[in-house]
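Protein chains get the first letters and strands the later ones, always in sequence-line order, with residue 1 at the start of each. Values below: every heavy atom of this structure, side chains too, minus hydrogens, waters and symmetry copies.
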There are 2 protein chains.
Amino acid sequence: MKARRTNSRDKILAAAADVARETGPGSLSLDAVASRAGVSKGGLLYNFPTKAKLMQALVEDYLRAFEQALDAARTAGVGGESPLATYIKLSAEHAAESKPSASWIFSAIAEDPDFLTPIKAFRRQVFERLKGETPDLKALLVCYLAIEGLRSMNLFDSDVLSQDERRLLVSSLLEIAG
Amino acid sequence: MKARRTNSRDKILAAAADVARETGPGSLSLDAVASRAGVSKGGLLYNFPTKAKLMQALVEDYLRAFEQALDAARTAGVGGESPLATYIKLSAEHAAESKPSASWIFSAIAEDPDFLTPIKAFRRQVFERLKGETPDLKALLVCYLAIEGLRSMNLFDSDVLSQDERRLLVSSLLEIAG
DNA sequence: CTTACTGTACCGTCTGGACGGTCTTGTCAA
DNA sequence: TTGACAAGACCGTCCAGACGGTACAGTAAG
């Protein structure tokens with residue numbers, strides 16, 4: 001891992017996520033991202049030689065961040081807490097953030113559906129891992145899918161649930177997870 | 001409701017859904033839809049004077065179809081089956097279709113996120129209705145969210161679950177629903 | 001004569017990307 | 001210490017192509 005000498009790269013990625021969230025996934029143009037990041041278009045293209053590379057970086061950063069958070073929560077987990085429980089807690093916290101943290105995904109899909117493949121692979125891997133660690137398959141299925149539903153609602157910004165309901169849901173899931 | 005004299009409208013809508021699914025949501029251009037529907041671009045714009053109207057029709061048709069299916073399943077439901085149970089069954093069947101039936105949604109979002117508002121409203125309405133009909137709030141939350149998760153996986157075409165697992169999930173949910 | 005198109009030509013706009021130039025920073029010989 | 005110089009980071013402009021949408025003449029059916 002080379003030492004970063006500038007933070008332009010990160011600024012650009014953050015700007016891209018912001019633009020996607022605020023002006024809609026279809027309006028994620030290089031110009032918009034560049035101006036939002038306080039960088040010229042040339043500078044943007046210097047960091048990410050093509051739009052596809054920008055999207056790819058967005059995906060990779062997102063996945064890496066989640067993976068690190070999951071690992072951290074696992075090792076820091078209170079003794080006796082099941083992996084499924086930590087997964088539920090972490091995902092619920094993540095989904096409780098007011099900003100739909102990943103609405104840039106829509107931009108990526110619109111650009112090229114293949115950007116989903118790493119995400120799919122990651123999910124499958126996480127799921128398989130949980131499957132190996134959870135004795136009760138039924139509980140795993142219900143909890144995993146419910147969390148996926150929570151993620152989906154956050155992504156589509158359709159918060160049907162009240163805060164109380166969300167809390168009740170999470171506690172129910174933790175109960176099911178045992 | 002005027003009697004339809006032509007089926008061009010439906011052909012076009014189906015073609016739009018196909019194009020969105022096959023060539024990616026970002027490639028949903030009027031030209032592509034027209035040629036896929038076997039209709040000239042002029043003819044397409046004759047039926048849907050603007051792209052936004054086409055998207056709107058896509059959304060409305062989808063919502064109407066689901067609502068009708070839900071009503072039908074409710075009235076035809078076996079006596080004693082709870083509304084939540086019918087909702088689970090119908091949605092599970094719907095999500096079991098091989099084609100992601102609504103990947104055009106991504107196109108709509110990319111075009112203008114406001115196309116989501118009718119969908120959000122519809123979901124909220126369905127949820128509120130279920131809430132009034134289901135005594136056990138915890139069960140409702142878990143089941144509704146899990147179904148939402150199933151829908152999401154189908155939409156993103158990431159089938160982490162095997163057929164057996166999906167069956168087990170649905171039966172578990174029905175058990176929870178009581 | 002109307003409806004429901006077809007087919008073609010065209011326009012204005014937007015977008016990704018290429019390109020050449022510019023400013024800054026680090027290196028190293030004298 | 002200083003000056004030369006190269007590499008890195010970025011700017012601003014320009015362009016070809018794609019897309020949504022318009023206009024309009026023609027046509028086949030009822």
Side-chain angles (χ1 to χ4, degrees), chain A residues 1-59 104 106-115, chain B residues 1-59 104 106-115:
Chain A
M1 186 68 70
K2 207 166 39 176
R4 289 249 142 265
R5 279 189 288 185
T6 65
N7 57 347
S8 278
R9 190 195 140 91
D10 297 328
K11 273 199 321 195
I12 289 170
L13 288 177
D18 288 348
V19 170
R21 181 166 4 91
E22 289 167 19
T23 70
S27 310
L28 193 72
S29 65
L30 295 186
D31 287 293
V33 173
S35 88
R36 174 66 180 239
V39 160
S40 77
K41 195 174 173 182
L44 169 61
L45 254 16
Y46 176 81
N47 284 277
F48 302 97
T50 182
K51 195 180 185 182
K53 295 269 194 218
L54 173 62
M55 298 300 194
Q56 196 184 328
L58 230 30
V59 172
W104 50 262
F106 294 130
S107 308
I109 298 176
E111 199 68 26
D112 183 352
D114 288 346
F115 283 120
Chain B
M1 189 68 65
K2 202 165 38 173
R4 290 252 141 262
R5 280 187 286 185
T6 66
N7 58 346
S8 278
R9 190 194 138 91
D10 298 328
K11 273 200 318 193
I12 290 170
L13 288 179
D18 288 347
V19 170
R21 180 164 5 88
E22 288 168 19
T23 71
S27 311
L28 193 73
S29 66
L30 296 185
D31 289 291
V33 173
S35 88
R36 173 68 180 236
V39 161
S40 72
K41 193 176 174 183
L44 169 60
L45 287 164
Y46 179 82
N47 284 277
F48 302 97
T50 184
K51 194 180 185 182
K53 293 267 201 249
L54 173 63
M55 297 300 193
Q56 197 184 329
L58 230 28
V59 172
W104 51 262
F106 295 129
S107 307
I109 297 176
E111 198 69 25
D112 182 352
D114 288 345
F115 284 120

For [X], check side chain to side chain contact (heavy atoms under 4.5 Å, CB included) against everything at least two apart and list the hits.
X	value
A:Ala52	A:Thr50, A:Phe115
B:Leu45	B:Leu30, B:Lys41
A:Thr23	A:Val19, A:Ser27
B:Ala16	B:Leu28, B:Val33, B:Leu58

Just N and O in the side chain of [X]: are any of them under 4.0 Å from OP1 or OP2 of [N]?
X	N	answer
A:Ser8	D:dA9	no
A:Tyr46	D:dA9	yes
B:Asn47	C:dA4	no

| query | Which pairs with one or both residues in residues 43-56 of chain A pass salt bridge (charged side-chain N to carboxylate O under 4.0 Å, His left out), sequence neighbours excluded? | reply | A:Lys51-A:Glu111

| note | The complete set of salt bridge (charged side-chain N to carboxylate O under 4.0 Å, His left out) pairs with one or both residues in residues 19-30 of chain B, sequence neighbours excluded, reads B:Asp18-B:Arg21, B:Glu22-B:Arg36

In Å, rounded to the nearest 0.5 Å, how long is the span from [atom1] of [X] to [atom2] of [Y]?
X	Y	atom1	atom2	answer
B:Asn47	B:Lys11	CG	NZ	10.0 Å
B:Leu54	B:Trp104	CG	CH2	10.5 Å
B:Asp114	B:Met55	CG	CE	13.5 Å

Below 3.5 Å is the cut-off: list the nitrogen or oxygen pairs between protein and nucleotides 17-23 of chain C, distance only.
residue, atom, partner, partner atom, Å
C:dG17, OP1, A:Thr50, OG1, 3.2
C:dG17, OP2, A:Thr50, OG1, 3.0
C:dG17, OP2, A:Lys51, N, 2.9
C:dG17, N7, A:Lys41, NZ, 3.0
C:dG17, O6, A:Lys41, NZ, 2.7

[atom1] of [X] versus [atom2] of [N]: gap in Å, rounded?
X	N	atom1	atom2	value
A:Phe48	D:dA9	CZ	P	12 Å
B:Leu54	D:dG20	CG	P	10 Å
B:Arg9	C:dC5	CZ	P	12 Å
B:Leu44	C:dG7	CG	P	14 Å

Show the distances under 3.5 angstrom between N or O atoms of the protein and N or O atoms of nucleotides 28-30 of chain D.
none

| query | Checking all strands, does A:Ile12 fall into the base, sugar-phosphate, or nothing category for heavy-atom contacts under 4.0 angstrom? | reply | nothing

| Which part of the nucleic acid, if any, lies within contact of B:Gly38, taking any heavy atom under 4.0 Å across all strands shown: a base, the sugar-phosphate backbone alone, or nothing? | sugar-phosphate

| note | Regarding the side chain of A:Ser29, the nearest nucleotide among C:dC5, C:dT15, D:dC11 is C:dT15

